[in-house]
Amino acid sequence: MSMKFSQLISKTMRTEPTEAETASHRLMLKAGMVHQVASGVYSYLPLAWRSLRKIENIIRQEIDAAGGQEIRMSVLQPMELWEETDRRSAFGDNLFTLEDRRGRPMVLAPTHEEVVTNIVRANVQSYRDLPAVLYQIQTKFRDEPRPRAGLIRVREFDMKDAYSFDADEESLENSYQAMAQAYRNIYERCGLPALMVEADSGAIGGKDSHEFILPTPSGEDVVLTCPKCGYAANTEKAGGVVPPTQMEPPLAMEEVSTPGVKTIAGLSDYLGIPQSSTLKAVFYSADGDVVFATIRGDLDVNEVKLKNVLHCHDLRLASQEEVGAAGLVPGSASPIGLENMKRVADESIKSGSNFAVGANKSDAHIINANYPRDFQVDILTDISLTQEGHGCIRCGTPLEATRGVEVGHIFKLGTFFSETLGAYFLDREGQQRPIIMGCYGIGVGRLLAAAIEQNHDDQGIVFPMPIAPYQVHLVGLNLADAEVARAADDLYERLWQEGIETLYDDRRDEAAGVKFNDADLLGLPVRLVISPRNLRQDSVEVKERRDKEATMVPVGEVVGRIARLIKG
RNA sequence: CGGGGUGUAGCGCAGCGGCUAGCGCGCCACGUUCGGGACGUGGAGGCCGGUGGUUCGAAUCCACUCACCCCGACCA
């Protein structure tokens, strides 16, 4: 095994690829690591593939160490399997579907809970078989509405998914904690300071769920963290204490004319009151039914919380037609007198008084509305989106917001799949019980992209050693000089003999600057330079990619020095 | 699915009714160079995303369509 730059099929680019805006995407294209096939579909070229295999191996080692047993499952699956658990509708258009030659509906698996549960159903009958962890590192398919940012969000991707099977909650907790620890080890070895945060477990998920987030400005997720007590949660999940408003004695309701006022900001300006003294109405369509949500004007609805409350599959803002058909007046809607649809309100409607709300007719609002004196709701609960500055749910300290990329997600699934698909075991008492499941995912390609997102500078990638495609970038300058070429070839041989993965820039016709720039772009952790100048001192220049300064090392000591550097 | 943008050589772009479609980088050959993106000479490389219109004539104008990117929606 070895690699000379002159033989490397992929080419580095001198000009910036305009398609890419995110750093990792731009750098991976520029460094010739990936090749786009379609929107959200990429081929991995040699450098990326080496790096991905290293990431896979780190994951494999850690999950094995935590007791995981690797398996390989089918990617092509019958649609029926997805109908059994009703996840065909849960996944909706994200499911890649096709038909076989007999016209049978099939899917390209987006994940493997159904298949793995059936494997366990066939193989586990007794509590003596539990606990168990099965895992796979395989390609999965999701027809995402909007692929973006290179490997961050794609439609075909490699994923490690582990599934745990336990006899009771306590055992599940152990499995869960063991996986969480394995995840921390994985991120650490990949050089990634990932945050573990509380997350929503989704429509089917059970109780606990955590996401691992790598903080980076280009991330698509937002997490809220408490600087004091360490509470950390995804915004979708985060609880928070909304800023209170003053409670006043209730006044009499009164209709006021508000010509042209259609927004909370407009209402607040027009009446000269803070937005927190208004109530906002938002209309949703939940599996086709219109839902009327009410929340204090300065807050936003958390759609994940709302979805969980409603137990629906599909939640989206209602269309203009739906709003019109329901007789609602956008801009002046209010829950007052409303009875013919489901009304959900956020608890914040109790945290203030004498609110301004819509009058259910254009150009008019009602002031001094108070709950429950003036209107009723069907569900009153927390549906607010916690934001930066809201109080920590544990200690009240103002929360801080951080953007990041989700690089892992773990769930306690509970017994949904085992009960639906009939995966039961007999406990000590001979009692039949459903297996308790957990699942644990990491996107391999996304981890690579996130690592580059986290580790780069203006010149290029700065690979962490454990996931670098090669450990050493050997640059030969002036290789037309036979003596230099001999020294470089020799060093290259000795490095590989020592097991040091070395990419050798053996190009004879490139200027030094080109080679240096390519070395910086590819970002291998250690750069060695052999040149006439260095050889005159019988030395090789050693420079770590993350450092600015280089040092000269005698030719005879280089291999040993690098070996030590790599072992770290 | 809504909003915005882009499709012309491997990459980055110009040309926007007129003749044989151009520039830079990259690529091939030869020579000179050789420590931070060198130079000379000579070359190769294009269904101007697709379809249909308008026109004597279309990369250029019109219509439709496809693809890709960005924002949003969405995203166990």
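All chains are named by letter (A, B, ...) in the order of the sequence lines, taking the proteins before the strands, and each is independently numbered beginning at 1. Worth knowing before you read on, the calculation uses all heavy atoms, side chains too, and leaves out hydrogens, waters and symmetry mates.
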Check every strand shown and say whether [X] touches a base, only sugar-phosphate, or nothing at a heavy-atom separation below 4.0 Å.
| X | result |
| --- | --- |
| A:Asp481 | nothing |
| A:Ala20 | nothing |
| A:Ala149 | sugar-phosphate |
| A:Arg527 | base |

Provide the full list of salt bridge (charged side-chain N to carboxylate O under 4.0 Å, His left out) pairs with a residue in residues 23-48 of chain A, sequence neighbours left out, each pair given once.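 Residue pairs with at least one partner in residues 23-48 of chain A: A:Glu16-A:Arg26, A:Glu16-A:Lys30.
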Would you tell me if any nitrogen or oxygen in the side chain of [X] comes within less than 4.0 Å of OP1 or OP2 on [N]?
| X | N | answer |
| --- | --- | --- |
| A:Thr18 | B:C69 | no |
| A:Gln36 | B:C69 | yes |
| A:Lys307 | B:C75 | yes |

Taking [atom1] from [X] and [atom2] from [N], how many angstroms apart are they, rounded to a whole number?
| X | N | atom1 | atom2 | answer |
| --- | --- | --- | --- | --- |
| A:Met13 | B:C11 | CE | C1' | 5 Å |
| A:Ile9 | B:G10 | CD1 | P | 15 Å |
| A:Glu16 | B:C69 | CD | C1' | 16 Å |
| A:Arg26 | B:C69 | CZ | P | 17 Å |
| A:Asp93 | B:C1 | CG | P | 9 Å |
| A:Glu114 | B:A76 | CD | P | 14 Å |
| A:Asn302 | B:C75 | CG | C1' | 14 Å |
| A:Ile152 | B:C74 | CD1 | C1' | 18 Å |

In Watson-Crick or G-U wobble terms, both distances under 3.5 Å, what is the partner of [N]?
| N | answer |
| --- | --- |
| B:U6 | B:A67 |
| B:A73 | none |
| B:C30 | B:G40 |
| B:G46 | none |
| B:C11 | B:G24 |

Give the residues of residues 440-449 of chain A touching RNA chain B, defined as any heavy atom closer than 4.0 Å, sorted by residue number. none
In whole angstrom, give me the gap between the [atom1] atoms of [N] and [M].
| N | M | atom1 | answer |
| --- | --- | --- | --- |
| B:A63 | B:A58 | C1' | 15 Å |
| B:G7 | B:A59 | C1' | 12 Å |
| B:G45 | B:C62 | P | 33 Å |
| B:C61 | B:G18 | P | 10 Å |
| B:C23 | B:C30 | P | 24 Å |
| B:G4 | B:G43 | C1' | 43 Å |
| B:C28 | B:C70 | C1' | 38 Å |
| B:C71 | B:A29 | P | 42 Å |

Could you tell me which residues satisfy side chain to side chain donor-acceptor pair (under 3.5 Å) with [X], sequence neighbours excluded, listed by chain and number?
| X | result |
| --- | --- |
| A:Glu113 | A:Arg87, A:Thr111 |
| A:Asp506 | A:Ser6 |
| A:Tyr44 | none |

Any chance you could lay out the side-chain contact (heavy atoms from CB on, under 4.5 Å) test for A:Arg142 and A:Phe96, step after step, and finish with the verdict? CA-CA 6 Å; A:Arg142 293 182 192 176; A:Phe96 264 110; 5.7 Å; no
Using salt bridge (charged side-chain N to carboxylate O under 4.0 Å, His left out) as the criterion, point out the one residue from A:Glu114, A:Glu83, A:Glu80 that pairs with A:Arg88. A:Glu83
Strictly under 3.5 Å: I want the nitrogen or oxygen pairs between protein and nucleotides 71-73 of chain B, one per line.
from	atom 1	to	atom 2	distance (Å)
B:C71	OP2	A:Arg146	NH1	2.9
B:C71	OP2	A:Arg146	NH2	2.7

Tell me the ring pair (Phe, Tyr, Trp, His ring centres under 6.0 Å) pairs involving residues 504-554 of chain A, sequence neighbours left out? A:Tyr492-A:Tyr504
Would you call A:Lys280-A:Asp298 a salt bridge at under 4.0 Å N-O? no
Are any non-hydrogen side-chain atoms of A:Lys412 and A:Ile436 less than 4.5 angstrom apart? no
For A:Leu76, does its backbone N or O pair with a side-chain atom of A:Ser74 as donor and acceptor, under 3.5 Å?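 Side chain of A:Ser74 to backbone of A:Leu76: a pair is present.
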Among residues at least two apart in sequence or on other chains, which ones pass ring-ring contact (aromatic ring centres under 6.0 Å, His included) with [X]?
| X | result |
| --- | --- |
| A:Phe283 | A:Phe292 |
| A:Tyr176 | A:His210 |
| A:Tyr187 | A:Phe212 |

Polar atom pairs (N or O), protein with nucleotides 41-49 of chain B, under 3.5 Å:
none

So which protein N/O to nucleotides 22-33 of chain B N/O distances come out below 3.5 Å?
from	atom 1	to	atom 2	distance (Å)
B:G26	OP1	A:Arg14	NH2	3.3

